[in-house]
Amino acid sequence: MTGGFLALLGEVAFRLLEPWPLKVVVDAIVKPNARSQPGVLRVLLLAAIAIIVVAAFRALSSYLMTVALSLAGSRAMTRVRRDVYDHMLSLSVRYHGKAKTGDLVNRLTGDISRLTDVAVSAVVPLAGNVVTLIGMTVVMIWLDPMLALIVVAAFPVFLMTSARDGRRITSAARVQRRREGDLAGTVSESLGAITVVHAYGLEQELGNRFASNNNRSLREGAKTTRLSAGLERRTDLLIGAATAAVVFAGGSQVLSGHLTPGELIVFVTYLKGAFKPMRDMAKYTGRIAKAAASGERIVDVLTTDVDIRDLPHAKPAPRFAGHVQFDDVTAAYGAGRVALKGVTLDVPAGSTVGVVGESGAGKSTLASLLLRLQDPVSGRVLVDGHDMRDLTLASLRSQVAIVLQESVLFATDVRENIRFGSATASDEEVEHAARLARADEFIRALPDGYDSELGERGATLSGGQRQRIAIARAMLRDAPIVVLDEATAGLDGDSEREVRAALERLCADRTTFVISHDPEAVRHCDVVVRLQQGRLRAISTRTGHADVG
Ligand code: ADP
């Protein structure tokens with residue numbers, strides 16, 4: 001930044017010097033009998049050399065300025081992009097449940113690129129122009145205060161005419177940017193569910209919706225272009241008027257001998273230079289406004305509070321035995337949407353708890369509390385007697401393994417996918433976990449074995465296979481607490497048997513929560529609890545049954 005600004009000052013100085021050789025030449029040749037004056041040719045030659053030297057130094061400093069400032073800008077934005085991504089990852093599941101993925105992607109890629117681009121290609125030149133403007137105004141006042149006044153008077157006129165347009169351009173650009181975010185949201189949602197789109201023949205409907213949003217974005221875009229083109233041309237007219245005034249008044253000054261013809265040339269050249277920032281301002285307003293809208297969208301993400309995070313006093317958790325207690329826990333999604341109410345439950349280490357209940361009863365909410373994906377509104381969740389909120393998130397989550405109904409795999413090879421369970425695991429450990437999860441056999445049958453690349457979200461495998469890879473991943477984690485959220489739902493006979501066998505191994509000697517709507521899936525559990533509309537209704541153990549609540 002410092003180097004860039006020094007180069008910028010150099011550039012401005014040479015820009016100020018640029019018309020002076022011309023002034024010397026003009027003043028030398030318009031003198032009466034110039035041809036017969038001795039040394040006039042030498043003056044011309046020196047002036048010509050000076051023009052080349054000034055041009056060369058101006059080019060050099062301009063080059064250094066662009067490179068240094070662009071580099072600084074790009075580096076800063078690269079950092080911002082990383083920070084934004086880190087922040088997005090740390091935002092809670094609840095935030096992401098509401099946010100549109102495509103829109104977030106668009107902010108991370110589109111908005112940040114636009115901001116970088118504008119910072120480098122518009123803000124930097126504009127800053128240079130402003131410094132130039134100040135320098136030129138000073139020289140003009142020194143040359144002829146009266147003429148300088150005409151130029152200076154044009155600025156407020158410009159500001160008055162451009163303020164309203166500037167505001168309109170900014171608001172149109174903001175709307176356009178928001179529409180583009182919506183578009184990206186629609187696209188990522190529909191492409192993510194392409195099977196449903198094809199199956200229900202939604203192509204036409206989605207296409208129409210996209211087209212209407214797209215057209216609205218176009219209209220706003222056209223409006224910005226129209227407004228900023230209008231502003232630019234009006235600025236041209238203003239510059240024309242000011243130039244006419246200066247040429248007329250300056251010409252009279254030359255006639256009356258207050259100004260030399262060369263000085264008038266310097267003046268008119270400066271006039272052009274001084275008005276350049278105005279013209280650029282008109283030209284860049286649209287782009288800067290769009291970048292500002294982009295900036296707002298980024299700041300929006302960055303200022304979203306991470307609601308689930310380490311509290312200041314949080315300590316790393318010791319290795320858990322796995323004793324889990326829910327102590328009068330109430331959980332809710334926003335005001336009024338209570339998902340669990342006054343749940344109290346004591347789960348001894350190493351036991352298996354079945355959690356049953358109808359859809360919407362609060363089973364998944366219970367699971368999310370175990371991973372501290374959300375905090376209870378009131379009450380506490382304790383592990384081995386520690387309130388979860390007193391422990392650091394990383395140390396807590398590393399001791400809980402989860403297998404979901406739709407296990408999501410990443411678009412990388414099988415080995416990496418299992419290794420997500422524990423980053424430090426060796427290849428042998430990965431394969432051992434796969435064997436325990438009954439996945440080794442089918443993985444070896446894949447074209448590249450453990451190195452086979454999977455499709456996005458693991459789409460190239462069957463449901464049962466994905467599930468067994470997910471179990472291997474959980475196995476590798478070697479966590480004292482395991483959560484199975486409908487892990488066998490939606491599988492057919494054979495594959496369900498395989499998955500069930502793998503799960504049994506995973507859960508041996510660990511505290512396990514088996515969440516299911518299917519009584520069959522929880523038959524072997526030590527305890528089964530029934531949830532109904534967020535309340536704990538019944539607890540059955542192998543030895544008895546009790547209704548509660
Ligand atoms: P289950 O797993 O038993 O089907 P859930 O725990 O998913 O039930 O949901 C319990 C209640 O919380 C339901 O009434 C559901 O509508 C509500 N709920 C679940 N997730 C959200 C969410 N992200 N935002 C708002 N409400 C939610």
Side-chain angles (χ1 to χ4, degrees), residues 88-104 185 188-189 192-193 301 304-309 324-345 347 352-381 388 393 397 400-408 463 467 470 474 481-491 503 512-523 525 527-540 547-549:
M88 279 180 184
L89 287 180
S90 65
L91 286 172
S92 67
V93 175
R94 193 178 301 178
Y95 173 86
H96 286 286
K98 277 192 245 145
K100 288 189 172 172
T101 312
D103 185 38
L104 289 182
S188 86
E189 194 176 30
V301 174
T304 305
D305 270 336
V306 181
D307 43 356
I308 303 292
R309 61 168 145 207
V324 178
Q325 291 161 284
F326 284 82
D327 176 16
D328 197 14
V329 169
T330 297
Y333 296 92
R337 303 204 58 173
V338 175
L340 282 182
K341 211 163 186 180
V343 172
T344 298
L345 186 64
V347 181
T352 311
V353 191
V355 182
V356 294
E358 290 177 354
S359 174
K363 304 184 297 291
S364 301
T365 306
L366 192 99
S368 71
L369 288 169
L370 289 167
L371 280 155
R372 215 186 145 213
L373 297 178
Q374 58 173 308
D375 282 329
V377 181
S378 70
R380 297 180 303 164
V381 185
M388 277 191 174
L393 273 179
R397 289 185 183 158
V400 183
I402 186 162
V403 181
L404 301 167
Q405 176 175 3
E406 275 288 318
S407 284
V408 174
Q467 227 41 0
I481 300 171
V482 178
V483 181
L484 311 179
D485 194 349
E486 303 276 9
T488 54
L491 297 177
L503 286 174
T512 309
F513 289 79
V514 183
I515 292 171
S516 182
H517 64 280
D518 173 15
E520 186 58 26
V522 296
R523 214 160 42 105
C525 292
V527 185
V528 176
V529 299
R530 171 173 296 280
L531 285 174
Q532 197 179 13
Q533 293 181 340
R535 286 181 181 278
L536 203 61
R537 286 299 178 196
I539 299 184
S540 17
D547 285 326
V548 284

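Whatever order the structure lists ligands and atoms in, that order sets their numbers, starting from 1.
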Tell me if a side-chain donor or acceptor on [X] pairs with a main-chain N or O of [Y] at a distance below 3.5 Å.
| X | Y | answer |
| --- | --- | --- |
| Q467 | A487 | yes |
| R372 | R397 | no |
| R337 | A332 | no |

About how many Å separate CE of M388 and CG of L371, when rounded to the nearest 0.5 Å?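 Those atoms lie 7.5 Å apart.
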Name the residues in contact with ligand 1, where contact means a heavy atom under 4.0 Å away: which are they?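 Around ligand 1, where the cutoff is 4.0 Å for heavy atoms, the contacting residues are Y333, R337, A339, E358, S359, G360, A361, G362, K363, S364, T365.
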Quick check on side chain to side chain contact (heavy atoms under 4.5 Å, CB included): which of V529, L345, T344, L536 does F326 satisfy it with? L345
Among V482, V324, L484, find the residue that satisfies the side chain to side chain contact (heavy atoms under 4.5 Å, CB included) test when tested with F513.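 The single option meeting the side chain to side chain contact (heavy atoms under 4.5 Å, CB included) with F513 is V324.
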